[in-house]
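This report refers to the structure that appears directly beneath it.
Please read these numbers as outputs of a predicted model, since none were measured by experiment. Heavy atoms only: backbone and side chains are in, while hydrogens, waters and symmetry mates are out. The first residue of the sequence shown is numbered 1, and numbering continues consecutively from there. Just follow the structure's listing: the first ligand is 1, and inside any ligand the first atom is 1.
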Amino acid sequence: MSSFNVAKFGGTSVANFEAMSRCAAIIENNPSTRLVVSSACSGVTNLLVELANGVQEQQQRSQILSQIAEIHEAVLGQLEDATNTAAEIYKILDTVTSLAEAASIQATDKLTDHLVACGELMSTHLLAQLMRERGIKAQRFDIRQVLRTDNTFGKAEPNVEQTAQLATQHLVPLCQEFVVITQGFIGSDELGNTTTLGRGGSDYSAALIAEAVKAEGLEIWTDVPGIYTTDPRIAEKASPIPEISFSEASEMANFGAKILHPSTLVPALRHDIPVFVGSSKEPEKGGTWIRHQVQSSPLFRALALRCNQTMVTLHSANMFHAYGFLAKVFEILAKHKVSVDLITTSEISVSLTLDQTGTSGGAPQLPSAAREELEALCTVEVEHNLCLVALIGNNMSESRGYAKQVFGTLEDFNLRMICYGASPHNLCFLLHESVSRQAIQKLHQELFEK
Ligand code: ASP
Ligand code: MG
């Protein structure tokens with residue numbers, strides 16, 4: 001194949017018939033696009049998560065089920081020949097019904113993954129049929145045959161080598177003949193159980209699949225025309241960034257610029273696949289290219305905001321002049337699979353924030369078993385309602401004077417934790433959620449609008 005492009009469409013991009021038709025036009029527009037990765041129709045995953053958490057009342061369960069059915073039926077109603085597709089959709093809806101019932105008796109992570117995967121399994125049937133009706137030689141493919149993961153349900157880890165092998169075997173030949181439509185977000189473990197990569201994981205899927213098929217390009221189509229200097233809903237003068245490096249974009253994704261799932265760029269970086277981010281609603285507006293080499297590397301590139309932060313502070317007098325305390329702490333966290341984001345330490349205490357990319361969403365919790373073990377070692381304090389602000393840029397650890405500019409702008413704010421100096425690409429801090437937007441606005445004005 002001369003040039004192989006993978007296009008990924010997010011939930012809002014495949015929300016209904018019109019949105020899916022826009023995706024089809026984007027796919028038609030780039031003859032190199034041989035593989036399409038799709039999210040569930042907008043809102044569907046949330047409804048499925050609700051069911052997976054266990055809805056006791058039969059009536060409420062049926063109500064959610066009808067909502068899910070309606071979203072898909074609306075698209076079926078606009079297809080020319082919906083017969084086969086409808087049969088497939090209803091089969092999956094039956095599965096959803098029985099799994100939801102099972103979850104109301106006992107919810108488990110394994111069941112949750114099976115249930116929430118149904119969103120992507122349905123949307124791809126619709127998109128494939130819609131494309132065929134436009135005259136594209138399209139075929140739907142169940143990515144669980146290829147995307148191999150471990151069995152950490154809710155946030156499975158991909159097995160990159162096996163995935164590449166299976167893709168070469170089953171997926172690449174198919175892409176030579178068809179435009180293949182497949183699911184983001186989901187995979188399967190060695191036993192064939194359905195797994196998911198965590199909420200918002202379809203970007204990551206797309207990158208993993210692009211890597212596995214050795215694609216030359218990856219387009220991520222979402223509902224915003226690229227990456228902005230900050231969320232334009234917070235600072236209205238935020239401006240689009242035409243080109244950004246992998247490192248800066250990874251920092252942004254990590255720090256909650258909700259454009260990309262944080263892990264997305266890892267496979268793209270590994271295989272040096274340029275990534276384009278654009279809006280399927282307004283493709284003509286262009287978007288952001290994420291590449292290895294970029295023309296400019298400004299000191300300040302963007303501001304990201306991530307709310308729902310959980311901060312854990314551990315105090316221990318034994319830490320004073322002792323060694324091994326942090327090792328013990330991290331051993332406990334690792335044992336309970338608690339992923340840590342930021343960390344600051346003082347002589348007798350350490351504060352850290354918890355990573356939050358699992359399928360459940362919301363503020364991450366410190367598992368009670370981990371808390372108990374930590375309490376045997378030190379006092380444990382957990383704080384919520386915090387937001388993380390990250391300033392992203394270049395050569396920050398080698399530049400002078402900007403800390404004064406940043407913190408001077410924020411002199412009226414109470415900052416909780418500050419991380420500065422470890423990364424050349426970011427400076428970040430926590431503050432209370434009630435003032436976080438205001439902090440972003442002030443900083444954006446000072447650093448990006450002057
Ligand atoms: N449908 C999944 C979610 O809403 C995965 C994704 O859209 O990326 O989290
Ligand atoms: Mg999504």
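Other residues, nucleotides and ligands place no more than 12 heavy atoms under 6.0 Å from the CD atom of E190.
By the criterion of a heavy-atom distance under 4.0 Å, the side chain of E120, and not its backbone, is placed next to ligand 1.
Residue contacts with ligand 1 include G201, since one of its heavy atoms falls under 4.0 Å from the ligand. Heavy atoms of G200 come nearer than 4.0 angstrom to ligand 1 in at least one pair.
For ligand 1, the polar-atom distance check against K8 finds no nitrogen or oxygen pair separated by under 3.5 Å.
E219 has no carboxylate O lying under 4.0 Å from a charged side-chain N of K8, or vice versa, which leaves the two without a salt bridge. Under a 4.0 Å N-O distance rule, the pair D272/R291 does not qualify as a salt bridge. Using a 4.0 Å cut-off between a side-chain N of Lys or Arg and a carboxylate O of Asp or Glu, E211 and R270 qualify as a salt bridge.
Interface of R199 with ligand 1, defined as ligand atoms under 4.0 Å from a residue heavy atom, comprises 3 (C), 4 (O), 9 (O). Here is the list of ligand 1 atoms found below 4.0 Å of a heavy atom in S39: 6 (C), 7 (O), 8 (O).
Taking the six-membered ring for Trp and thresholds of 30 and 60 degrees, W221 and F9 have nearly parallel ring planes, at less than 30 degrees apart.
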